[in-house]
2 protein chains.
Amino acid sequence: MHSFKQLQCFVAIVEEGGFTPAAQKLYMTQPAISWQIKTLEGELGLKLIERSERRLVLTEAGQLFYESAQTILNQYEKMDSEMEQFKNMEKGSLRIGASTIPGEYLLAADLARFTKTFPQVELQMRIGDSRSIVKLLLQENISVGVVGLKPQEEQIQVKPFLTDEIVCIAPPDHPLCRKEQVFLEDVLQERILMREFGSGTRNQLQEEIKKQKNTSCKVLMELGSTRAIISAVEAGLGLSWVSKTAVRDEAVKILDIEDFSIKRDLYVIWLKNRTLSPLGQTFVQMLEEAYD
Amino acid sequence: MHSFKQLQCFVAIVEEGGFTPAAQKLYMTQPAISWQIKTLEGELGLKLIERSERRLVLTEAGQLFYESAQTILNQYEKMDSEMEQFKNMEKGSLRIGASTIPGEYLLAADLARFTKTFPQVELQMRIGDSRSIVKLLLQENISVGVVGLKPQEEQIQVKPFLTDEIVCIAPPDHPLCRKEQVFLEDVLQERILMREFGSGTRNQLQEEIKKQKNTSCKVLMELGSTRAIISAVEAGLGLSWVSKTAVRDEAVKILDIEDFSIKRDLYVIWLKNRTLSPLGQTFVQMLEEAYD
DNA sequence: ATGGAACCATAAATTTTCCTTATTATCTTT
DNA sequence: AAAGATAATAAGGAAAATTTATGGTTCCAT
């Protein structure tokens, strides 16, 4: 088994045109170079360099070897710089933004994985409604966002990555929970709780109701977070719609409404004109892999 | 600078699924593997293998490294097998040069044998007069030459390998063919055909005539190839001298001249300061064996 | 649970590899 | 022929890699 050093010495000799200059290039002494070549030739059982005359000349074997040695060293350097780049990612920081649903529920696992891979990276996540996340992105306060509302801005690169389902929730002891079939009309009779204006969930919900039933719903209470809504529903203050993932382990009942359902696409967004940092790229890639 | 061994160990671990099996595969002890990985990770500044849990798991960095390491090792093996092939003469090319007689007549069988033994080798033979072959050798356009004129150059290694006889030929119906004893004077009366200037045959012939008889001969026609001379002699245009091997199956008569005969040594030549490639060595060796 | 088996990490000692300095040999140049 | 440049060689020593021996986990089966 030969070593990188041998290849390196050999290539240096060829390129610098002699043992002594090669030694200088590699910060070694000339006998060390001689030794490397000697062992290399010994291992190969072939003479690589003809060194009788003033100028060094490669033997046929030497020429053949030179081709491959070069390729290998190039490949080696490529690898090294790749690893270097990767290592640099460990030192950086990544600021992402997410709207409530992805931020508070969905992304938790991904963030954990990310910080495990890059423990040194300072990771910041800002949570807000979709509109504010887009704003943060445009101001470059964050470099990646995950939102539930497709931004229309020209400068924003949008990539859908997951479809979330928005479900209607009720306290477990609510009359509708016992009903065989529940329709949208039944629900709209009830007190409805909602997130604040600007929420992607609320926005989409109202549009869907209007589109599918051509009515609107009375919003009897506005709350600032999904968690607050769940608590309120649980306490019997009314019904509401939230992301299915948000209620996985909660003490509220999901109402299966026969004639109404909402799917909600989630999008990863970043600025078109900024090339995403290696860390950002890796983060996006991790999301893609996770929700493929 | 990492080593091939490190890559090798790492790849072996990934492929064998553990340190211990990797050690067995590489005929090393397990601590040696541990050490290699440790230093590799240290040099990179990155952890490659997660070994806390029951199963070994590659980190993200490890996966990245694995890709490149594999490529490099593959390339390395390719190089190694190429060199091995070269050493075994299954690969490579051999360019030889020969002057007319050896090239067109004598060497045919040897070349055939050579290509049969080494079918993968690209074999080139250039034919010219002795002087031009020497020139090609000095310019390193060929690595071995076979000539009929001993080159005087200091840098050329010369090895005689065969003595060819140069005989006088005449058309079968020529008067001299019926004569009991033929002497040189008889022949010199006739029309003499010869090869162009620079030919070893011609050179030697004229020198021998001058030496042995202290006369010179009138050259009445110069022809560019031995075959052309034979045809011309056959057609009755005159007499000439050619290598005995060239007329083996030809329709011309050999004149046995009582007081004149020429032996001609053929030489294998190569450059002193270049080590002959394995192929070249073998070729020379084959010639020696064939004409021992 | 508990003893054993499999597996990796660590330590110390040893071997091997590799590099350096010093010197010699060879070839080129003047 | 002498000087200069360049590679080979020798000897000593530093550094790297490997081995044996051992310790600590985890996993499995009794």
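All heavy atoms count here, side chains included; hydrogens, waters and symmetry mates do not. Letters A, B, ... are given to chains in the order of the sequence lines, protein chains preceding strands, and every chain is numbered from 1.
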Fill in the blank from the handout: B:Ile37 CD1 to C:dC7 C1', in whole Å, measures 15 Å
Fill in the blank from the handout: note: B:Leu40, atom CG; D:dA17, atom C1'; distance rounded to Å ~ 14 Å
Exercise for the section: Write down the distance between CD (B:Gln24) and P (D:dT19), rounded to a whole number of angstrom. Expected result: 13 Å
Problem - A:Thr29 side-chain N/O to C:dC19 phosphate OP1/OP2 under 4.0 Å - result: no
Problem - Contact under 4.0 Å: B:Lys38 side-chain N or O vs D:dA17 OP1/OP2 - result: no
Problem - Side-chain ion pair, B:Glu208 and B:Lys211, N-O less than 4.0 Å - result: yes
Problem - Test log, rule ring pair (Phe, Tyr, Trp, His ring centres under 6.0 Å), inputs B:Phe4 and A:Tyr76 - result: CA-CA 10 Å; B:Phe4 275 117; A:Tyr76 175 82; 8.3 Å; no
Practice task
Report the distance from atom CD of A:Glu43 to atom C1' of C:dT17, rounded to the nearest whole Å.
Solution key: 11 Å
Handout entry: Listed nucleotide nearest any side-chain atom of A:Trp35, set D:dT18, C:dC19, D:dA7
Key = C:dC19
Problem - Residue whose nearest DNA chain D nucleotide is more 5′ - B:Gln30 or B:Ile33 - result: B:Ile33
Problem - Donor-acceptor pair between B:Thr39 and B:Gln6 side chains, under 3.5 angstrom - result: yes
Handout entry: Minimum-distance nucleotide to B:Ala32 side chain [options: D:dT19, D:dA7, C:dC19]
Key = D:dT19
Completion exercise
Rounded to whole Å, the CE-P distance (A:Met1 to D:dA17) equals 13 Å
Problem - From D:dT19, C:dC18, D:dA8, nucleotide with atom closest to A:Gln36 side chain - result: C:dC18
Problem - Out of D:dA8, C:dC8, D:dT20, whichever nucleotide has its closest atom nearest the side chain of B:Arg51 - result: C:dC8
Practice task
Give the ring-plane orientation class for A:Phe86 versus A:Phe118, where under 30° counts as parallel, over 60° as perpendicular and anything between as tilted.
Solution key: tilted
Exercise for the section: Give one of base, sugar-phosphate or nothing for B:Thr20, where a contact means two heavy atoms less than 4.0 Å apart. Expected result: sugar-phosphate
Handout entry: For atom CZ of A:Phe19 and atom P of C:dC27, their distance in whole Å
Key = 15 Å
Practice task
Report the distance from atom CD of A:Glu50 to atom P of D:dT6, rounded to the nearest whole Å.
Solution key: 19 Å
Handout entry: Closest nucleotide among C:dC19, D:dA10, C:dA9 to the A:Met28 side chain
Key = C:dC19
Problem - Under 3.5 Å side-chain donor-acceptor pair for B:Ser99 and B:Asp129 - result: no
Handout entry: Value in whole Å for how far the C1' atom of D:dA8 lies from CG of A:Leu56
Key = 13 Å
